[in-house]
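One structure is given below, encoded as structure tokens.
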2 protein chains.
Amino acid sequence: MKVLVVDDDRVVGISLKTILEAEPDITVPALGQDGTEAVALYREHQPDILLMDIRMEGMNGLDAASAILAEYPAAKILFLTTFSDDEYIVRALRLGAKGYLLKQDFESIVPALHAVFGGQNVFGSEVIKKIPDILSTPKEPDVSELPLNEKEIEIMKLVAEGLNNKEIAQTLFLSEGTVRNYLSSTLEKLEVRDRTQLAIYYYKHVQ
Amino acid sequence: MKVLVVDDDRVVGISLKTILEAEPDITVPALGQDGTEAVALYREHQPDILLMDIRMEGMNGLDAASAILAEYPAAKILFLTTFSDDEYIVRALRLGAKGYLLKQDFESIVPALHAVFGGQNVFGSEVIKKIPDILSTPKEPDVSELPLNEKEIEIMKLVAEGLNNKEIAQTLFLSEGTVRNYLSSTLEKLEVRDRTQLAIYYYKHVQ
DNA sequence: AAAAACCGATGACATTTGTCACTTTCTCTT
DNA sequence: AAGAGAAAGTGACAAATGTCATCGGTTTTT
């Protein structure tokens, strides 16, 4: 199988090529060093798999993958990167990457390539473990360990829906002043400044 | 490698056993039919991999996996199920399952077992594709489609980070009054009432 | 060059928001 | 029944927010 290797770091690229070509069934037709090259080399060599770094000078790996997939929807792209950054993982998944491995996980690379070639998706353990953290639990917002009482939680949710104090008061059958008081204590406990930051907090940490 | 098979449906279990044992390097020491049996049989046979259904009478696959992993943290568990239900996928990931395949994806099972045995994580394409849907950022990231100009978009983003008008003014090198004016037009264009609703709009529809 | 369009800024204004110190009301406990 | 302690409310206040009309420069259009 043909594996196109693209990595910012020339040393890493050559090492990978050496390791991969030690396998009898793998050839590395070319080495790229950034996203632009990745796209051009992919067109030229039409490899079975593209093994690519994410962080690179110039066009990054994700944008390159996006461009390649637009042109070759069946492209098998396996990201090999140093950091398991949430942002990257999400974007890679969304793009339809076939895999996402950490460079640390060196001995996994060859078997991963075989697995991807066979149609599997391969994500390193660290990546898989991260996914639940990135996931929002849409069913029951994890509100249990927040230091808020029942009323404060209610108010937080309503703020996160965009209601103003008067509307919250009507919804909860409280006076507007009481709502303000509860809101005030909520802000203090969560260490945020105003209702907007509270809504943001809710979307980022709770829901 | 020893593969313990647990499936509600006797027919499926026997079919799997037959298929797997056609492989020279796979043996199936036992067949279980529910979660309780899975735990007992795992203790008894200490298989290399547990291949298990999720929906089963009695104890389900996820709870069984949870119990087994508590006892054997290195257990390699591969779920084989009919439905790619969001709930299940999230829980399986959280537990630390090594894989999650759909039964439809029949010919994937053997290579997947080999991959898992080799230390990989294997998730079917349908599952991987689902993950972004489960992610908290479901909508399209098309800032370009919004009827806002450059400044208004900047301000929207900063509001969505929780900055107040003064801070936005400092960040953008504008006067606070100007920021208010731009904010005002942004609110009108997006048909939201205040900065909190704007932040919510951003998290729901943009980012 | 004149007109139009645009960008940023002001000032005034009504509302909303958040904070604080208290009071009232209700509900338990003893 | 008395009192402690909640839950809820009040009033006052400063600050922040959002709206509006308008003004002074640029740049663009014609």
Side-chain angles (χ1 to χ4, degrees), chain A residues 136 140-207, chain B residues 136-137 139-207:
Chain A
S136 69
E140 199 65 34
D142 188 8
V143 98
S144 47
E145 82 277 357
L146 260 43
L148 304 178
N149 63 41
E150 203 48 50
K151 279 287 177 325
E152 292 169 335
I153 288 174
E154 287 296 322
I155 287 179
M156 175 178 66
K157 286 181 179 176
L158 294 174
V159 166
E161 287 177 24
L163 275 63
N164 64 24
N165 291 335
K166 186 182 292 183
E167 292 165 337
I168 293 174
Q170 286 168 358
T171 304
L172 262 31
F173 302 104
L174 297 174
S175 80
E176 191 183 331
T178 305
V179 171
R180 285 212 289 264
N181 289 338
Y182 279 122
L183 179 59
S184 187
S185 63
T186 306
L187 297 177
E188 189 181 9
K189 287 179 181 174
L190 261 30
E191 294 177 337
V192 294
R193 186 175 53 197
D194 52 39
R195 65 199 303 109
T196 304
Q197 290 191 352
L198 178 60
I200 295 167
Y201 180 96
Y202 185 80
Y203 281 98
K204 279 199 174 162
H205 297 89
V206 183
Q207 218 224 24
Chain B
S136 57
T137 50
K139 293 285 181 163
E140 81 278 25
D142 59 348
V143 179
S144 51
E145 280 299 309
L146 296 175
L148 303 178
N149 62 40
E150 203 50 49
K151 279 284 178 328
E152 291 168 336
I153 289 175
E154 287 295 322
I155 287 178
M156 175 179 65
K157 287 182 178 174
L158 294 174
V159 166
E161 286 177 24
L163 276 63
N164 63 25
N165 291 335
K166 186 182 291 185
E167 291 165 338
I168 293 174
Q170 286 168 358
T171 305
L172 260 32
F173 302 105
L174 297 174
S175 80
E176 191 184 331
T178 304
V179 170
R180 285 210 290 262
N181 290 336
Y182 278 121
L183 180 59
S184 187
S185 62
T186 305
L187 298 178
E188 189 181 8
K189 287 180 181 174
L190 262 29
E191 293 177 340
V192 294
R193 186 175 52 198
D194 54 38
R195 65 200 302 107
T196 303
Q197 290 191 351
L198 177 61
I200 294 167
Y201 180 95
Y202 185 79
Y203 279 97
K204 280 197 173 166
H205 299 90
V206 183
Q207 214 228 24

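Numbers restart at 1 for each chain; the letters A, B, ... are given by sequence-line order, proteins then strands. Below, each value reflects all heavy atoms present in this structure, side chains not excepted, and no hydrogens, waters or symmetry copies.
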Backbone N/O of [Y] and side chain of [X]: donor-acceptor pair under 3.5 Å:
X	Y	value
B/Arg195	B/Leu163	yes
A/Gln170	A/Glu167	no
A/Tyr203	B/Ile200	no
A/Ser184	A/Arg180	no

Touch class at under 4.0 angstrom, heavy-atom based, for B/Lys151 against every strand present: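 Touches sugar-phosphate only.
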Sugar-phosphate, base or nothing in reach of A/Asn165, heavy atoms under 4.0 Å: sugar-phosphate
Terminal helix-axis angle for the helix from C/dA1-D/dT30 to C/dT30-D/dA1, with five pairs defining each axis and rounding to 10 degrees: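 Comparing the axis at each end, I get an angle of 30°.
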To the nearest Å, give me how far apart [atom1] ([X]) and [atom2] ([N]) are.
X	N	atom1	atom2	value
B/Glu152	C/dG8	CD	C1'	13 Å
A/Leu163	C/dT16	CG	C1'	14 Å
A/Tyr182	C/dT17	OH	P	19 Å
B/Arg180	C/dG11	CZ	P	11 Å
A/Leu187	C/dT17	CG	C1'	10 Å
B/Glu176	C/dC13	CD	C1'	15 Å

Heavy-atom pair of closest approach, residues B/Ser185 and B/Glu152: OG-OE2, 2.6 Å
Shortest non-hydrogen contact from B/Ala160 toward B/Ala199: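 Where B/Ala160 meets B/Ala199 most closely, the heavy atoms are CA-CB, 4.1 Å.
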Along DNA chain C (nearest heavy atom to each residue), the more 5'-positioned of B/Asp194 and B/Gly177: B/Gly177
Ionic contact status for A/Glu161 with A/Lys157, cut-off 4.0 Å: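 So A/Lys157 does not pair with A/Glu161 through a salt bridge.
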Positional range of nucleotides in DNA chain D within the contact set of chain A, heavy-atom, under 4.0 Å: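 In short, chain A contacts DNA chain D from D/dA7 to D/dA12.
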Donor-acceptor pair present, B/Asn181 side chain and C/dT10 base, under 3.5 Å: yes
CG-CG distance between B/Leu198 and B/Leu158, expressed to the nearest 0.5 angstrom: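 Going from the CG atom of B/Leu198 to the CG atom of B/Leu158 covers 10.5 Å.
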OG1-CG distance between B/Thr178 and B/Leu172, expressed to the nearest 0.5 angstrom: 10.5 Å
A/Arg193 vs C/dG18: side-chain N/O to OP1/OP2 distance below 4.0 Å: no
Phosphate-side-chain proximity, B/Thr178 and C/dG8, N/O vs OP1/OP2 below 4.0 Å: no
